[in-house]
S.K.: 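This is the structure I have questions about; it appears just below.
Indexing begins at 1, ligand by ligand and atom by atom, following the structure's order. Sequence positions, counted from 1, serve as the residue numbers for this chain. Only heavy atoms go into these numbers, but all of them, side chains included; no hydrogens, no water, no symmetry mates. Small disclaimer: the values here were computed from a predicted structure and weren't measured.
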Amino acid sequence: MFTGLNPQQKAAVRYCDGPVLVLAGAGSGKTSVITRKIGYLIGECGIQARHIAAVTFTNKAAREMRERVQKLLPSSASRGLQISTFHNLGLSILRKEAQYLGRTPALSIFDDQDSKTLLKDLTHRDFGLETEALKRLQSLISDWKNRLVTPERALVEAIALQNRSDGPPDQLLVIAARAFELYEQHLAAYNAVDFDDLITGPVRLFQQHPERLQYWRSRIHYLLVDEYQDTNDSQYELVRQLVGARQALTVVGDDDQSIYSWRGAKPQNLVRLQDDFPTLKLIKLEQNYRSSGRILKAANAVIANNPHVFEKTLWSELGVGDEIRIVKTLNEEAEVGLVAMEIIDRRLQSRSTYGDFAVLYRSNHQSRLLELKLQSLQIPYRMSGGTSFFSRSEVKDAMAYLRVLTNPRDDGALLRIINTPKREIGASSVQRLRDYAARHSCSLLEAAEVLADPEQAARSASEDVQLPARAAASLQTFLHQLHGIRRGTSDGGATDAGKQLKEWFIALDFPQWLQQTSSSASQAERRFDNMNALCQQIQRMLDADPELDINGSVSKLVLQDILDGQEEEGADDDAVNLLTLHAAKGLEFPHVYILGMEEEILPHRNSTEPEQIEEERRLFYVGITRAKQTLTMTYAGVRKQYGEKLTTTISRFAEELPQEDVIHEGLTRPSKEASRARGRATLDALFKDLANDL
Ligand code: ATP
Ligand code: MG
């Protein structure tokens, strides 16, 4: 378990007498400490794998951690080990404890967009909110939830604030507090939780039901947290609750990599740890095992421009390495073209695989041109942090079907699919269903059951809510198909659930529907393949975990979708990695490209306050420190923005790099000095040649 570890790492792995914090810069082996420690706890301390939980922030990081543990331990020894994201851990708790929150285990998860749609719906009639106001409303509610403020309390606070403020009253605050209450009621009615609930739900539950907290403490004997600098208040509270008096906790983090302040993350939580756990042992790691000397020096130089809570030094034995390149291209097309061509070239020259390359960028939309370029050159790639797979409409439709299948009260999902594929259920019929559901406080699906059946409808509904005969008949067919698949997958159908789901989508007429809505037959086929990929993924999840049922696998998938958009399932194994800087955290690649080294892109145009610039700098630091051997940054001289071609300015961060380790290439005009020197060299050579000839 200790082979190859340095003394500080060994100390961190071995120390089990109390809480321990490993604080260190990028690439110093923090995640390695976590994975080795899991091995140590199981192999040497006799703690069973099912009593150990390790949490991190992205699915990709969780997957990577799981792979590293698998290399250390036989699979039989690691069975039941819970390595997941914070949100997945929250989901496991909520599914088990659903009844205490007035829910059933077949929970639906509302992503950001679902929440927004619901809020819009709830406030539209009264306020007709603008998009900007809606955004603010959503963030106010999220903030209340994360601070564990109840809707009643929020309203009292909002009214008090409104009365106190000197300026014009902040109407939106009170509107938001009212909407908050309705929003919570609706989530309960849909048997749903939103993203914030995944953390705050367990925290509230444990506050109200200490006996349930005892139960979870008896399940989790040892907790390890990676990327601790990105925890927000409620995540921190959950950690504190779960750890309890046993204080069996290992936390690793790097305040210089804190990049989620916009989600309420607080690097100060690293300091708070020392207050809340007075016996906390602090271990610092200083050797970097990832990057060559120049890359590490560049990272250190950049981050030195930020103020520091903890002083850290990082050194590497990996040799100086190549210079860092900054390449300027004519425009954004040339920028992605250059990256693509270099990948082709370098892969052949240095015998690398496509997977050795990562292209990082600040914002999602920057990947679009690159994707097109890679596609045209037939270079395989996979994306993370984007919304590639799950944002496709056919995949969203399939997910909505699965959500209705597993949670009949998921009205949002039912609304998405009720007329997809087209089945002549018009808007007025849908409105009648909604009216009926509102009047009888039931779900839309229950309303559909009543109104689709002419006899029942005649008995229990008044004239004005009855559906036209065609709509009723088509709704009945739909319900029939839904009942059929539910019977199939619930009683022991898990062995071939994937196949059954695929057949269900065929019976629902999706292949034909996709033909009608796609631009070509091959596109329709690809789209159906995407739906099928989802079914296969569910089957894989069921096969991997005998305790999981179809409800569980669907909610896990929904969460995966929300968390990081995820790479395409079934994509080529050897593929270039396209990631946002946020999604790249914790990962490493031999060759890294950072696109768009320009003002307005990195730092982002909306982050101009000094504190925001510091966060952008940390994001850049995360980017640099992903590279093992080579680091190349690119920027476009001219970039199309808002339909206009604008001349760009190189990012201020490029100037913070140690210039002696950087070479500028591309369209940069050589300085006068350099061209004079080159001119002299050419003349010297000419004279030499002449002298030789003579
Ligand atoms: P980040 O801050 O980016 O998350 P980290 O501190 O978690 O980085 P790791 O990912 O654990 O760092 O390690 C970086 C690299 O160094 C990995 O390739 C890992 O295998 C390697 N490594 C870690 N410790 C050692 C060691 N003692 N000897 C050799 N290699 C090591
Ligand atoms: Mg790490």
S.K.: Carefully, step by step, assess Phe2 and Tyr40 under the rule ring pair (Phe, Tyr, Trp, His ring centres under 6.0 Å).
M.R.: CA-CA 9 Å; Phe2 294 106; Tyr40 180 73; 5.5 Å; yes
S.K.: Is the terminal nitrogen or CZ of Arg347 (NZ for Lys, CZ for Arg) located under 6.0 angstrom from the six-membered ring centre of Phe357 and within 45° of that ring's axis?
M.R.: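 Checked: cation-pi criterion not met.
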S.K.: NZ of Lys10: more than 12 outside heavy atoms within 6.0 angstrom?
M.R.: yes
S.K.: Using 0.5 Å steps for rounding, measure from the CD atom of Glu332 to the NZ atom of Lys373.
M.R.: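 Answer for the CD-NZ pair, Glu332 versus Lys373, is 13.0 Å.
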S.K.: Would you check if Tyr236 and Arg240 make a side-chain contact, meaning some heavy-atom pair closer than 4.5 Å?
M.R.: yes
S.K.: Taking the six-membered ring for Trp, are Tyr361 and Tyr593 closer than 6.0 Å centroid to centroid?
M.R.: no
S.K.: Got the residues with a heavy atom under 4.0 Å of ligand 1, by chain and number?
M.R.: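 The answer is Gly4, Leu5, Asn6, Gln9, Gly25, Ala26, Gly27, Ser28, Gly29, Lys30, Thr31, Ser32, Arg68, Glu227, Gln257, Tyr289, Arg290, Gly586, Glu588, Arg626, counting any residue whose heavy atom sits under 4.0 Å from ligand 1.
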S.K.: Taking the six-membered ring of Tyr635 as reference, does the cationic atom of Lys328 (NZ for Lys, CZ for Arg) lie under 6.0 Å from its centre and within 45° of its axis?
M.R.: no
S.K.: How about His87 and Phe57: are their ring centroids closer than 6.0 Å?
M.R.: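 No, the ring centres sit 6.0 Å or more apart.
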S.K.: Under 2.8 Å from the Mg ion (ligand 2), how many protein N, O or S atoms can be found?
M.R.: 1
S.K.: Can you find a pair of side-chain heavy atoms, one from Asn577 and one from Lys60, that are under 4.5 Å apart?
M.R.: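 Touching, per the 4.5 Å side-chain cut-off.
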